[in-house]
Amino acid sequence: MRPRRILPQPLLSVAAAQEGLVTKAQCSAAGLDKDAVALLVAHGRWRRVVRCVYDTHPTPSEQRRRDGRHDHLRRRAAWTAMLAVGNGIATGACALALLGVDGLVEQVLPEAARPGGMHSAVDGVTLRRYRDFPDEEYRGRRIASVVPALAQALPYLSRGEVVAVLSDALREERIDRGGLDDVRGMLRGRRGAARALGLLDLAGALDGSAAESFARLSFVDSGVPPDGQQVRSTLDGVFLARVDFVWRLPDGRYVVAEIDGRAFHAGEAMLADDAGRQNRLVAGGRVIVIRFPATRALSDEPPTVGAEMAVRLRALAWRPTSGLANVGFVAL
């Protein structure tokens, strides 16, 4: 027997809103019984994710190639948790993925909590015993609000991810400095919180992306903290460019580091704009531009971007200036 070629449109609409996932109960409600579901799985059109949750995409998740693939897979993990856990509330990194907080560069695993911290094992999902935290509605489900989601996630993230997600939350005004203090308060007493607490003050709203957060940390770790970030430069009063990182040299020149993220530096038009901007910056001989791809900034493989910048800056006699405020504007 072959599976149905045409599936109920209401079920397809549900799947589209849930990153391609549906539950056994949703199938039944749409008129697709367990035998029909079993046929779809047996013929490779659907895949079982966890108990009673199915992926309607025929390509295995790890083989998919699409725009926003990593964000899709993170949201899919969150939906897996919410669908697999009765009354499940997406927590931690899963909630952050659904809220659109950037900075999660590693794989996100399905996790959720039940109201009141109730616990019973669910295959393939980490069930957290969090109690009484603020949550909000998301497409008919519940997810942790941004402050508790950050406090829940940070102890399990890498050092770079901690700084990147906090920086994104500050930059996008999901939290302010008061919200950061709230995260600090909710973190205290949690397992693994000590490391995360020591990183909160490294968050910066000037980071334009996760790659910039990782790069800034690498510069700091290598002893070459930038003199300026998101710096506007002008020539004879005319705006030239805004650049990611700047170091001021003793001879009056400037070294600029640009992190080329795919979202902002892809396509012929953007590449042409980048080239034109760099040409304007270096034309007067007072600016040295060094570019790093985002993938390089996100990697800790040696030599890191920080290590390379340290070698270049020391060769140019750069020295850190005590008490130097962020250079936000440069007139060439």
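- Contact record, Pro8 with Leu32: CD-CD1, 4.4 Å, taken as the closest heavy-atom pair.
- No donor-acceptor distance shorter than 3.5 angstrom exists from the side chain of Arg253 to the backbone of Val287, with no hydrogens or angles considered.
- At least one side-chain heavy atom of Leu154 sits less than 4.5 Å from a side-chain heavy atom of Leu187.
- Atom CZ of Arg195 is surrounded by more than 12 heavy atoms from other residues, nucleotides or ligands within 6.0 Å.
- Leu109 is not connected to Val125 by any chain of hydrophobic side-chain contacts under 4.5 Å among Ile, Leu, Val, Met, Phe, Trp and Tyr, and they are in different clusters.
- Ring pair Phe219/Trp247 is perpendicular by interplanar angle, where above 60° counts as perpendicular and below 30° as parallel.
- For CG of Asp181, the number of neighbouring non-hydrogen atoms (other residues, nucleotides, ligands) closer than 6.0 Å is greater than 12.
- Contact of the Trp318 side chain with the Val224 side chain is registered, since non-hydrogen atoms from C-beta on lie closer than 4.5 Å.
- Put simply, OG1 on Thr59 and CZ on Arg64 are 6.5 Å apart, with the number rounded to the nearest 0.5 Å.
- Connection of Ile143 to Val122 is not established within any shared hydrophobic cluster, with ILVMFWY side chains joined at heavy-atom distances below 4.5 Å, either directly or through further cluster members.
- Considering CD1 of Ile259 and CZ of Phe245, their distance stands at 5.5 Å, rounded to 0.5 Å.
- The shortest side-chain heavy-atom distance between Ile175 and Leu170 falls under the 4.5 Å cut-off.
- At most 12 non-hydrogen atoms from other residues, nucleotides or ligands lie less than 6.0 angstrom from CD of Glu173.
- Distance check, rounded to the nearest 0.5 Å: CD of Gln26 to CG of Leu21 gives 9.5 Å.
- Within the model, atoms CZ of Arg242 and CD of Gln230 stand 4.5 Å from one another, a figure rounded to the nearest 0.5 Å.
- Side-chain atoms of Glu258 and Ile290, non-hydrogen and from C-beta on, never get closer than 4.5 Å to each other.
- A distance-only check finds a donor-acceptor pair linking the side chain of Arg216 to the backbone of Leu202 [under 3.5 Å].
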- request: Could you please spell out the steps behind the side chain to side chain contact (heavy atoms under 4.5 Å, CB included) verdict for Leu240 and Thr234?
  value: CA-CA 5 Å; Leu240 290 180; Thr234 64; 5.7 Å; no

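- Of the options Arg74, Arg76, Arg75, a salt bridge (charged side-chain N to carboxylate O under 4.0 Å, His left out) to Glu19 is made by Arg75 and by none of the others.
- A salt bridge does not link Asp55 with Arg47: every distance from a Lys NZ or Arg NE/NH1/NH2 to an Asp or Glu carboxylate oxygen is 4.0 Å or more.
- The residues Arg66 and Asp71 are annotated as not salt-bridged, no charged nitrogen and carboxylate oxygen being separated by less than 4.0 angstrom.
- The hydrophobic clustering, which links ILVMFWY residues whose side-chain heavy atoms are closer than 4.5 Å, places Val162 and Leu150 together.
- A donor-acceptor contact shorter than 3.5 Å is absent between the side chain of Arg319 and the backbone of Leu249.
- Taking 4.5 Å as the limit, some side-chain heavy atom of Tyr54 sits within range of a side-chain heavy atom of Val37.
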task: Let me see the working for Arg159 and Asp221 under side chain to side chain contact (heavy atoms under 4.5 Å, CB included), right down to the final yes or no.
output: CA-CA 12 Å; Arg159 178 172 178 265; Asp221 290 344; 2.9 Å; yes

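- Taking hydrophobic clusters as Ile, Leu, Val, Met, Phe, Trp and Tyr residues chained together by side-chain heavy-atom distances below 4.5 Å, Leu197 shares a cluster with Leu180.
- With respect to the salt-bridge test (charged N to carboxylate O, under 4.0 angstrom), the residues Asp201 and Arg184 qualify.
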Could you list the donor-acceptor pairs under 3.5 angstrom formed by side chains in residues 295-306, with sequence neighbours left out?
from   : atom 1 : to     : atom 2 : distance (Å)
Arg296 : NE     : Pro303 : O      : 3.4
Arg296 : NH1    : Glu308 : OE1    : 3.2
Arg296 : NH2    : Pro303 : O      : 2.9
Arg296 : NH2    : Glu308 : OE1    : 2.8
Ser299 : OG     : Glu301 : N      : 3.0
Thr304 : OG1    : Ser218 : OG     : 3.4
Thr304 : OG1    : Ala307 : N      : 3.1

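- Salt-bridge formation is detected for the pair Arg291/Asp260: a Lys NZ or Arg NE/NH1/NH2 atom is positioned less than 4.0 Å from an Asp or Glu carboxylate oxygen.
- Side-chain contact between Val147 and Pro134: absent, with no pair of heavy atoms (C-beta onward) separated by less than 4.5 Å.
- The minimum heavy-atom distance linking Pro225 with Val220 is given by the pair CB-CG2, 4.2 Å.
- Interatomic distance, Phe133 CZ to Arg131 CZ, rounded to the nearest 0.5 Å: 11.5 Å.
- Scanning both residues, Pro250 and Ala317, for their nearest heavy atoms gives CG-O, 3.3 Å.
- Counting heavy atoms from C-beta outward, Val22 and Trp46 have side chains that approach closer than 4.5 Å.
- With Tyr156 as the aromatic partner, Arg128 meets the cation-pi criteria of under 6.0 angstrom to the ring centre and within 45 degrees of the ring axis.
- Looking at heavy atoms from C-beta onward, Ser28 lies out of side-chain contact with Asp33 at the 4.5 angstrom threshold.
- Among Thr56, Leu7, Asp35, the one residue that satisfies the side chain to side chain contact (heavy atoms under 4.5 Å, CB included) test with Leu40 is Leu7.
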- request: Start with the C-alpha gap between Asp168 and Asp207, add the side-chain angles, then the distance that decides, and say whether side chain to side chain contact (heavy atoms under 4.5 Å, CB included) holds.
  value: CA-CA 7 Å; Asp168 179 81; Asp207 294 344; over 6 Å; no

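- A donor-acceptor contact shorter than 3.5 Å links the side chain of Ser167 to the backbone of Gly204.
- In this structure, Arg190 contributes its side chain and Met186 its backbone to a donor-acceptor pair below 3.5 Å.
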query: When you look at Arg114 and Val85, which way does the side chain to side chain contact (heavy atoms under 4.5 Å, CB included) test go after all the steps?
result: CA-CA 8 Å; Arg114 283 197 171 106; Val85 177; 3.7 Å; yes

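- Note on Leu73 and Leu83: separate hydrophobic clusters, where clusters join Ile, Leu, Val, Met, Phe, Trp and Tyr whose side-chain heavy atoms are under 4.5 Å apart, directly or indirectly.
- One finds the CZ atom of Phe214 at 4.5 Å from the OG atom of Ser158 (value rounded to the nearest 0.5 Å).
- Here the closest non-hydrogen pair linking Met309 and Ala257 is SD-CB, 4.4 Å.
- Using a distance-only test at 3.5 Å, with no hydrogens or angles considered, no donor-acceptor pair links the side chain of Asp135 to the main chain of Arg142.
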Enumerate, atom names and distances included, each donor-acceptor pair closer than 3.5 Å involving a side-chain atom of residues 89-108, sequence neighbours excluded.
from  : atom 1 : to     : atom 2 : distance (Å)
Thr91 : OG1    : Glu111 : OE2    : 2.7

